[in-house]
Protein chains: 2
Amino acid sequence: MNEVAEDVGEERPLRADAARNREKILTAASRVFAERGLDATLDDIAEAADVGVATVYRRFPDKDALVLALFEDAIDELAALAARAAASENSWEGFVSFLEVMLERQCDNRGLRDVFTGSPYAQERMEAAKQRIGPAFSALIARAQADGYLRSDVNEGDILAIEMMISSLGGAKGGDAALWRRYLAIALDGLVVRREWTRELPPSPSLEVIIAALHVSKGVHRPHAKPHAG
Amino acid sequence: MNEVAEDVGEERPLRADAARNREKILTAASRVFAERGLDATLDDIAEAADVGVATVYRRFPDKDALVLALFEDAIDELAALAARAAASENSWEGFVSFLEVMLERQCDNRGLRDVFTGSPYAQERMEAAKQRIGPAFSALIARAQADGYLRSDVNEGDILAIEMMISSLGGAKGGDAALWRRYLAIALDGLVVRREWTRELPPSPSLEVIIAALHVSKGVHRPHAKPHAG
DNA sequence: CAGGATCCGGAGGACATCGCTCCACTTGTT
DNA sequence: AACAAGTGGAGCGATGTCCTCCGGATCCTG
């Protein structure tokens, strides 16, 4: 528990409406960042919160502070989950379940994914937070390898890379399961030592779904669309 | 072979210096798009070509035309390669070799990757060009499945998705081989029916390399960096 | 319920970027 | 030499982003 832009102790309690607005801002920011990623404007967030931009800037000195308030704890929670997974009874299940948690959260939340790909917002603190996942993550992998589940010729960087590659497809749905479940299953079949330890593939998507997912995965900005072409 | 913004037949041969500049522009554009993706500015390209912006716009009516001139043939060549792979003796080798070609080109060329993720430049023609790969691609997969190499519970959308996910890591090098080779190998181990049909993993990268690759993979734009914070 | 501290909203300033054009000047060609 | 063809780069207009200003509304205290 840290205090980033929280009200600092008891120094000056917020006025009722201000506190209310602060919550509205956090709620809206959480939603907007999740949907559109960290590139979303504070203006966008203000609008979504049904609040003026100035109100946002009064409560959070800048975008970094807002990002920090929203994501630092989320990352620490992931670190805790990694630690729990590393201590789970079956090392393979721990390994898989942590990948699932990471993917689920990153795919549901473009903002979180942006944090992991190293977006420039609140960079230092975020980098530090991410490193707090490291030890448990390494342990998770080492144990799954020591127990003969995870192939021994991969390292933690590989797992990270694979996790990020899969999450790059975003949270698109094909059938009723998210696509990442399917590609995680395939990746695990490539990572596990014996295939029979893995599960069946989740339902398959249509080609259209894939293509749509690829289109959105690279961000949704249209680049200026020819202003005065006469 | 099409003529996009080429000199139209014999109608008006370009002046010597103009023709020279046209080549310089194409060369520079090819390099700049490959390095920085289709978001690169025509101003960037002009600078790289050591030529004024106007010269670029005189030779290519707009960015779309330049993109088209550079990438349409490249995509048609990929279609031809897909057809050749689909006709190769061993269907698994054909399948793998086509994936390798796609990945190699997309990782060496951010612009080409942008085309495949559906960038808005020259969209229609590019979409049409990409569809010309489709039939051979499907055949490739169907044959690898029919021959019992490729697992039967995946479809062409899956393969496309996997190919794009891997290429999202870009052409970063870890050791001396490009990273995509390693992750393609793992993916193939998850896709093949019997593991002994696949090769060993290419050399492993360090964690730093992976992290660096993730950082660049999402584009290199710094978002404004706090202009007047006083 | 008065009065002051606190907070609000949204217009807009400062700056950046991008696609593209204008036009005074230079160069190639005949 | 003469003229068409070509050149470069300042700069226009549109768009986008971060953040501030300030007249007015709102809350809380006494």
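To find a chain, count down the sequence lines: A is the first, B the second, and so on, and within it residues start at 1.
Among the atoms of the strands shown, only primed sugar atoms or phosphate atoms (P, OP1, OP2) are found under 4.0 Å from some heavy atom of B:Asn21. Nucleic acid contact class of A:Ala54 (heavy atoms, under 4.0 Å, all strands): base.
The pair B:Arg125-B:Glu72 counts as a salt bridge, with a side-chain nitrogen and a carboxylate oxygen less than 4.0 angstrom apart. We find that B:Arg20 and B:Glu23 are not joined by a salt bridge, their nearest charged nitrogen and carboxylate oxygen being 4.0 Å or further apart.
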For the pair B:Arg105 and B:Glu77, evaluate salt bridge (charged side-chain N to carboxylate O under 4.0 Å, His left out) and give the outcome as yes or no after the intermediate values.
CA-CA 11 Å; B:Arg105 303 210 175 179; B:Glu77 199 200 332; 3.2 Å; yes

Step-by-step side-chain hydrogen bond (donor to acceptor under 3.5 Å, both in side chains) determination, B:Asp158 to A:Tyr183:
CA-CA 8 Å; B:Asp158 292 323; A:Tyr183 301 121; 2.5 Å; yes

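Place B:Lys63 and B:Arg58 on DNA chain C by their nearest nucleotides, and B:Lys63 ends up nearer the 5' end.
Computed from coordinates, the B:Lys24 NZ to D:dG6 C1' distance equals 13 Å when rounded to whole Å. In this structure, OH of B:Tyr57 is placed 4 Å from P of C:dC20, rounded to the nearest angstrom. Rounded to an integer number of Å, the gap from B:Leu42 CG to D:dG9 P is 16 Å. Rounded to whole Å, atom P of C:dC18 lies 12 Å from atom CD of B:Glu47. Nucleotide C:dT21 holds its P atom 15 Å from the CZ atom of B:Phe60, rounded to whole Å. Going from atom CG of A:Asp43 over to atom P of D:dT15 covers 17 Å, rounded to whole Å. Between the CD1 atom of B:Ile25 and the P atom of C:dC20 there is a distance of 14 Å, rounded to whole Å. When the C1' atom of C:dC20 is taken as reference, atom CG of B:Leu66 falls 14 Å away, rounded to whole Å.
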For nucleotides 24-30 of chain C, just jot down a letter per nucleotide in 5' to 3' order: B, S or -, based on protein non-hydrogen atoms under 4.0 Å.
---BSS-

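In terms of the side-chain hydrogen bond (donor to acceptor under 3.5 Å, both in side chains) criterion, A:Arg181 has no residue partners (sequence neighbours excluded). Checked against ring pair (Phe, Tyr, Trp, His ring centres under 6.0 Å), B:Phe71 has no partners two or more places apart in sequence or in another chain.
Distances shown here put every side-chain N or O of A:Tyr121 at or beyond 4.0 Å from the OP1 or OP2 atom of D:dT17. Contact check, B:Arg59 against D:dT7: a side-chain N or O comes under 4.0 Å of OP1 or OP2.
Side-chain atoms of B:Ile25 and B:Arg22, non-hydrogen and from C-beta on, never get closer than 4.5 Å to each other.
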